[in-house]
Every structure is written in C-alpha cells, then in structure tokens.
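Step one of this worksheet: look at the structure below.
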Amino acid sequence: MDMAINGITIIILFITMVSLGCTMEVSKIKAHIARPKGVVIALVAQFGVMPLTAFSLAKLFQLSPIEAVTVLICGCCPGGNLSNIFTLALKGDMNLSIVMTTCSTVMALGMMPLLLFLYCQGFDNLENAVPYTGITIALILTLAPCGIGIVINHYKPQHSPVIIKVGLSILLVASIAIGVMSGITIGGTIWLVFSPKLMAVSALMPLMGYLLGYTLSTIFKLNHKCRRTIAMETGCQNIQLCSTILKVAFAPQVIGPLYLFPLIYIAFQGGEALLLIFLFRCYRTLKPTSKAKPVYLVVSSKVEEVKIP
C-alpha cells in the first residue's frame with residue numbers, strides 16, 4: 001500500500017508540472033525578464049517571506065523537530081499553479097503570475113536546499129534530519145515535466161487547455177485516493193496531523209503570505225494588479241511538490257503521517273484565497289463608479305506672423 005501511495009504521489013506531481021508548463025509562454029517570460037522589477041520583488045517575497053514565516057511559526061508553536069522540518073519544507077517550496085487560478089479570479093497580472101511561478105520553480109533547485117540548511121540551524125537536532133540529496137533529486141525531476149509542458153504549449157498550444165483541464169481533474173481524483181489509502185495505511189496516527197499546533201500553523205502560514213506579499217509589493221509601489229498577483233504567488237505553495245518530497249525523500253518511520261500536512265495546508269490556502277476573492281469582488285461591486293471630470297481646453301487667440309522665404 002505504501003508503494004502504491006508513493007507511485008500515485010509521483011504521478012500526481014508529474015501531471016501537475018506538465019499542466020503548469022502548459023500555462024507558460026516563452027515570449028511572456030522574455031518580456032518580464034527584460035523588465036524584471038516585478039519578478040525580482042515577487043521572488044524576494046516567495047523565498048524571503050514564506051520560509052521566514054514557516055520558521056517563525058515553528059518557533060512560536062514549539063513544534064517537534066520532524067514537525068518543524070515539515071513546515072519548513074512547505075514554506076520553502078516554490079509557487080504552485082493554484083496561484084495562477086486565484087490571480088485570474090482577482091483580475092491580477094497573469095503574465096507576472098505565470099513568469100513568477102516559472103522562475104520560482106527553476107530557482108527552487110538551489111534556493112530550497114539552501115534555505116532549509118540555513119533555517120534548520122535554528123533548531124536542535126535538525127542538522128542531519130533533512131535529506132538534501134532526495135530533495136534535490138525531486139526538484140530536478142520536477143523541471144523535466146515542466147519543460148515538457150512548455151514545449152507542448154510552444155509548439156502545440158491548441159492542446160494546452162485540454163491538458164490543463166485533464167491534469168486538474170486527475171489531481172482532484174488522485175488526491176482523494178491518496179487520502180483514503182493513507183487513512184487505511186496509517187490508521188489512528190493520522191490524527192497527529194490534526195493537532196491544534198499544526199492546524200494553527202496551516203491556517204496562519206498562507207494568510208500571512210498573502211498579507212505580507214501584498215504589503216511588500218505596496219512598499220515598492222507596484223500597481224494594484226501586481227500587488228494582488230504577488231500576494232497570491234507568495235501565499236500559494238506547490239503542495240504537490242511538498243507532499244512528494246515528504247513522502248519520497250523521508251523514510252516512512254521518520255515522517256509518519258506528516259506527509260499529509262500539505263493537504264491540510266492546501267485546504268486553508270484555498271479557503272483563505274477564496275475568501276479574499278469574495279471580498280475583492282464585493283468591493284468591486286459596491287465601489288462607487290467615479291464620474292469623469294469635464295476637461296476644458298484653452299485655445300489661444302494669438303496669431304503669430306510667419307515669414308515665408
């Protein structure tokens with residue numbers, strides 16, 4: 001059963017990353033790289049805000065070493081494709097959203113092991129607890145299907161919408177299957193994931209990501225569309241990647257049921273994002289339309305004499 005869960009988890013990640021690649025366009029990536037201000041601020045938010053938030057919450061709630069590692073891995077993951085959907089619902093900058101997801105996925109290959117190494121120094125007995133080799137291999141394997149998706153979207157863009165829809169459908173069904181199979185395999189220990197401390201961390205992490213991402217982009221005076229985009233990209237983590245790393249890179253007796261933590265996180269991540277989208281739509285609906293002010297043109301009556309040679 002455990003091998004079946006591992007296999008399904010890897011398949012989910014592969015399909016998700018292919019679908020993610022199908023949302024990426026080379027021309028848009030080049031355009032944002034040519035004007036990188038928004039992307040740089042977004043990446044600082046992604047790899048600065050979320051790992052620090054995870055570290056702070058793990059310290060605040062005094063999590064056990066393996067719980068702290070689980071939360072840190074979730075916080076250090078790159079952005080996921082759910083952020084693109086939420087950005088669209090918030091009428092954000094879709095090009096920036098897609099480029100940020102692309103760049104954060106590529107940069108995670110170096111940033112994620114580095115951040116985990118740095119933040120684990122703040123906990124006792126965590127120096128050798130993180131399987132950096134397994135995490136690096138998992139990150140490398142995520143780039144391959146993502147590259148496949150980019151190639152498909154570049155040369156056969158008509159197939160991309162179908163792949164994305166099918167990918168999301170398979171993701172939903174497979175996630176339910178993993179939940180059921182894990183419940184059968186783990187049994188009563190599954191309730192460890194629903195401890196008050198981990199539930200509180202799951203609720204606070206994405207919310208703080210949304211708020212701090214928006215605040216950071218406001219400080220650097222980005223436009224409102226970019227602010228909403230960076231907020232979603234900061235708070236939304238690649239949960240499929242996180243779950244795969246926890247399930248595959250760690251021994252079952254070490255990680256226990258904590259590989260299901262990302263499923264709790266994504267419930268709060270999605271719920272809070274939907275609440276923000278609802279509030280944004282209400283604001284847009286109730287916001288009074290500004291009346292255009294009349295513009296007066298002053299025409300000078302002075303006629304200048306022009307000499308014609």
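- L204 and Y119 fall within the same hydrophobic cluster, where Ile, Leu, Val, Met, Phe, Trp and Tyr residues are linked whenever their side-chain heavy atoms come under 4.5 Å apart, directly or through other members.
- Scored by the side chain to side chain donor-acceptor pair (under 3.5 Å) test, Q46 finds Q237 as partners (sequence neighbours excluded).
- When the side chains of ILVMFWY residues are joined at heavy-atom separations under 4.5 Å, either directly or via intervening members, F280 and L207 end up in two distinct hydrophobic clusters.
- In terms of modelled atom types and a separation under 3.5 Å, the side chain of K225 and the main chain of D93 share no donor-acceptor contact.
- Annotation: side chain of L216 is in contact with side chain of V44 (closest heavy-atom distance under 4.5 Å).
- Crowding of Q158 atom CD: a count of heavy atoms from other residues, nucleotides or ligands under 6.0 Å exceeding 12.
- Residues V69 and L52 share a single hydrophobic cluster, defined by chaining ILVMFWY side chains whose heavy atoms lie under 4.5 Å apart.
- Side-chain atoms of M205 and F268, non-hydrogen and from C-beta on, never get closer than 4.5 Å to each other.
- The 12-atom threshold is exceeded at NE2 of H159, counting heavy atoms of other residues, nucleotides or ligands nearer than 6.0 Å.
- F278 has its side chain out of reach of L274: every pair of non-hydrogen atoms, C-beta onward, lies at least 4.5 Å apart.
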Step-by-step side chain to side chain donor-acceptor pair (under 3.5 Å) determination, E67 to T70 | CA-CA 5 Å; E67 289 175 341; T70 301; over 6 Å; no

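- Taken from CG in L118 to CZ in F55, the straight-line distance is 10.5 Å, to the nearest 0.5 Å.
- Pairing each heavy atom of F47 with each of S104, the nearest pair is CZ-O, 3.4 Å.
- Put simply, the side chain of R281 gets close to the backbone of A89: a donor and an acceptor are under 3.5 Å apart.
- Between A45 and T234 the shortest heavy-atom distance is CB-OG1, 3.3 Å.
- Within the 4.5 Å cutoff, side-chain heavy atoms of C226 are placed close to those of N223.
- With a 4.5 Å cut-off on side-chain heavy atoms, M208 and M50 do not count as touching.
- Residues L63 and I66 are members of one and the same hydrophobic cluster, defined by side-chain heavy-atom contacts under 4.5 angstrom among Ile, Leu, Val, Met, Phe, Trp and Tyr.
- T87 is not listed as a side-chain neighbour of R228, based on a closest heavy-atom distance of 4.5 Å or more.
- Looking only at side-chain heavy atoms (C-beta outward), F86 and L276 stay at 4.5 Å or farther from each other.
- With a 4.5 Å cut-off on side-chain heavy atoms, C77 and M112 count as touching.
- A donor-acceptor pair is defined here as one N or O able to donate and one able to accept, closer than 3.5 Å; no such pair exists between the side chain of Q62 and the backbone of A58.
- Both V201 and L60 are part of a single hydrophobic cluster, where members link through side-chain heavy atoms under 4.5 Å apart.
- Interatomic distance, Y210 OH to T215 OG1, rounded to the nearest 0.5 Å: 14.5 Å.
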